[in-house]
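First the structure, then my questions, so here it is.
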Amino acid sequence: MSLKIGVLISGSGTNLQAIIDRIAAGTLDAEVVLVVSSRPSAYGLKRAEAAGIQTLTLSKEVYADPEMADEVIASSLKKAGAEYVIMAGYMRMVHDPILATFPNRVVNLHPALLPSFPGAHAIQDAYDRGVKVTGVTVHFANADYDAGPIIAQRALPVEEGWSVDELEAHIHEIEHELYPDTIQLIAEGRVHVQSDGRVRIDPAA
């Protein structure tokens, strides 16, 4: 049985596309049952529609009450049959209605090696700090922003002379590999949150 996932987006949807492509290639045993966008203009909605995936867009008016918005999202994801929620460039915090409906099943992607450089400007922050190594983190989302249990990380050595745009391009390349790889581990039932809050990944069978 394929893992049924709902994907939350806010923008261009390149990570959504990477997931769609890997499913089509047969290297990701998942099915995207619903794409939720926080912006009606998000290009990721076009990617979802092109792949024949059901979409849901919430307006600014609905988001005026974040808890209410998340109740709508949680019930829509549940109705669509989603087992896990995948945040892919979703620029809003998720709140209790989603977290309680999908405990330890809301996954986020962060463009830095957490706990370093949390927040919405991680790539720029790392660049401004002049780090020699940064990378990408996949973690479970919880009530604390960018602080949930870490599932996977991949490092990126920063080469001298890169612009911030070049750094961002290399970060995105890693994201497009690491995120589908990590979702596949979840689909195989190998990812477990332990009682100490750390993530255990079982070896391949």
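Positions are given from 1 along the sequence.
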Notebook entry, point to check: In chain order, what residues pass the ring pair (Phe, Tyr, Trp, His ring centres under 6.0 Å) check against His170, with sequence neighbours excluded?
Noted result: Trp162

Note to self: Evaluate Ser163 against Glu166 for side-chain contact (heavy atoms from CB on, under 4.5 Å), listing each step before the verdict.
What the structure shows: CA-CA 5 Å; Ser163 67; Glu166 286 172 305; 3.4 Å; yes

Notebook entry, point to check: Is there a donor-acceptor contact under 3.5 Å from the side chain of Ser37 to the main chain of Pro40?
Noted result: no

Margin query: How long is the straight-line distance from CG of Leu185 back to CD1 of Ile151, given to the nearest 0.5 Å?
Written below: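 Answer rounded to 0.5 Å: 9.0 Å.
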
Item checked: Straight-line distance of Glu175 CD to Leu109 CG, nearest 0.5 Å ->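 If we round to the nearest 0.5 Å, Glu175:CD and Leu109:CG are 4.5 Å apart.
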
Notebook entry, point to check: Quick one: do Glu31 and Lys4 make a salt bridge, cutoff under 4.0 Å?
Noted result: yes

Next item on the list: For Leu114 and Ile150, work out which heavy atoms get closest and say how close.
Entry: O-CD1, 3.7 Å

Next item on the list: Please report the closest heavy-atom contact between Pro180 and Leu28, naming both atoms and the distance.
Entry: O-CD1, 3.7 Å

Checklist line | Minimal non-hydrogen separation, Val136 against Ile174, with atom names | finding: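 Taking Val136 first and Ile174 second, the nearest heavy atoms are CG2-CG2, 3.7 Å.
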
Margin query: I need the single residue from Val85, Ile19, Val33 that forms a side-chain contact (heavy atoms from CB on, under 4.5 Å) with Ile5. Which is it?
Written below: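 Of Val85, Ile19, Val33, side-chain contact (heavy atoms from CB on, under 4.5 Å) with Ile5 is met by Ile19 alone.
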
Next item on the list: Of all the heavy-atom pairs spanning Pro118 and His110, show the shortest one and how long it is.
Entry: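 Heavy-atom minimum between the residues: CA-NE2, 3.7 Å.
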
Item checked: Side-chain touch Leu156/Ile171, heavy atoms, less than 4.5 angstrom -> yes

Notebook entry, point to check: What are the two closest heavy atoms between Leu16 and Ala88, and how far apart are they?
Noted result: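 Minimum heavy-atom separation between Leu16 and Ala88: N-CB, 4.4 Å.
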
Note to self: Please enumerate all residues that pass side-chain hydrogen bond (donor to acceptor under 3.5 Å, both in side chains) together with Gln54, with sequence neighbours excluded.
What the structure shows: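 With neighbours one apart ignored, the set is empty.
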
Notebook entry, point to check: Is a side-chain donor or acceptor of Asp144 paired with a backbone partner of Ala147 at a separation under 3.5 angstrom?
Noted result: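 No, Asp144 side chain to Ala147 backbone: no donor-acceptor pair under 3.5 Å.
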
Checklist line | From CA spacing to verdict: side-chain hydrogen bond (donor to acceptor under 3.5 Å, both in side chains), His172, Thr14 | finding: CA-CA 8 Å; His172 289 326; Thr14 58; 5.2 Å; no

Note to self: Working to the nearest 0.5 angstrom, can you tell me the gap between Arg39 CZ and Thr57 OG1?
What the structure shows: 12.5 Å

Margin query: Between the side chains of Glu177 and Arg154, is the shortest nitrogen-to-carboxylate-oxygen separation below 4.0 Å, so that they form an ion pair?
Written below: yes

Checklist line | Heavy-atom side-chain contact between Val164 and Gln124 under 4.5 Å | finding: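 The answer is yes; the side chains approach within 4.5 Å.
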
Next item on the list: Could you walk me through whether Thr55 and Leu34 pass side-chain contact (heavy atoms from CB on, under 4.5 Å), step by step?
Entry: CA-CA 6 Å; Thr55 62; Leu34 182 66; 5.6 Å; no

Notebook entry, point to check: Do His95 and Met93 come within less than 4.5 Å of each other through their side chains, counting heavy atoms only?
Noted result: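 Side-chain contact under 4.5 Å: yes.
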
Notebook entry, point to check: When Val36 is tested against each of Val7, Ile9, Leu56 for side-chain contact (heavy atoms from CB on, under 4.5 Å), which residue passes?
Noted result: Leu56

Note to self: Measuring from atom CZ of Arg129 to atom OG1 of Thr134, what distance do you get when rounded to the nearest 0.5 angstrom?
What the structure shows: 12.5 Å

Margin query: To the nearest 0.5 Å, what is the distance between OG1 on Thr101 and NZ on Lys78?
Written below: 6.0 Å

Checklist line | Cationic N near anionic O, under 4.0 Å, Arg22 to Asp181 | finding: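 So Arg22 pairs with Asp181 through a salt bridge.
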
Notebook entry, point to check: Which atom pair, heavy atoms only, marks the closest approach of Leu77 to Gly6?
Noted result: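 Closest approach of Leu77 to Gly6: CD2-CA, 3.7 Å.
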
Next item on the list: Scan residues 115-143 for pairs that pass ring-ring contact (aromatic ring centres under 6.0 Å, His included), counting only residues two or more places apart or in two chains.
Entry: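 Of all non-adjacent pairs touching residues 115-143, none passes ring-ring contact (aromatic ring centres under 6.0 Å, His included).
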
Next item on the list: To the nearest 0.5 angstrom, please state how far the OG atom of Ser12 sits from the CG atom of Leu45.
Entry: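 Atom-to-atom, Ser12:OG and Leu45:CG are 11.5 Å apart.
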
Checklist line | Donor-acceptor under 3.5 Å (Asp70 side chain, Val94 main chain) | finding: no

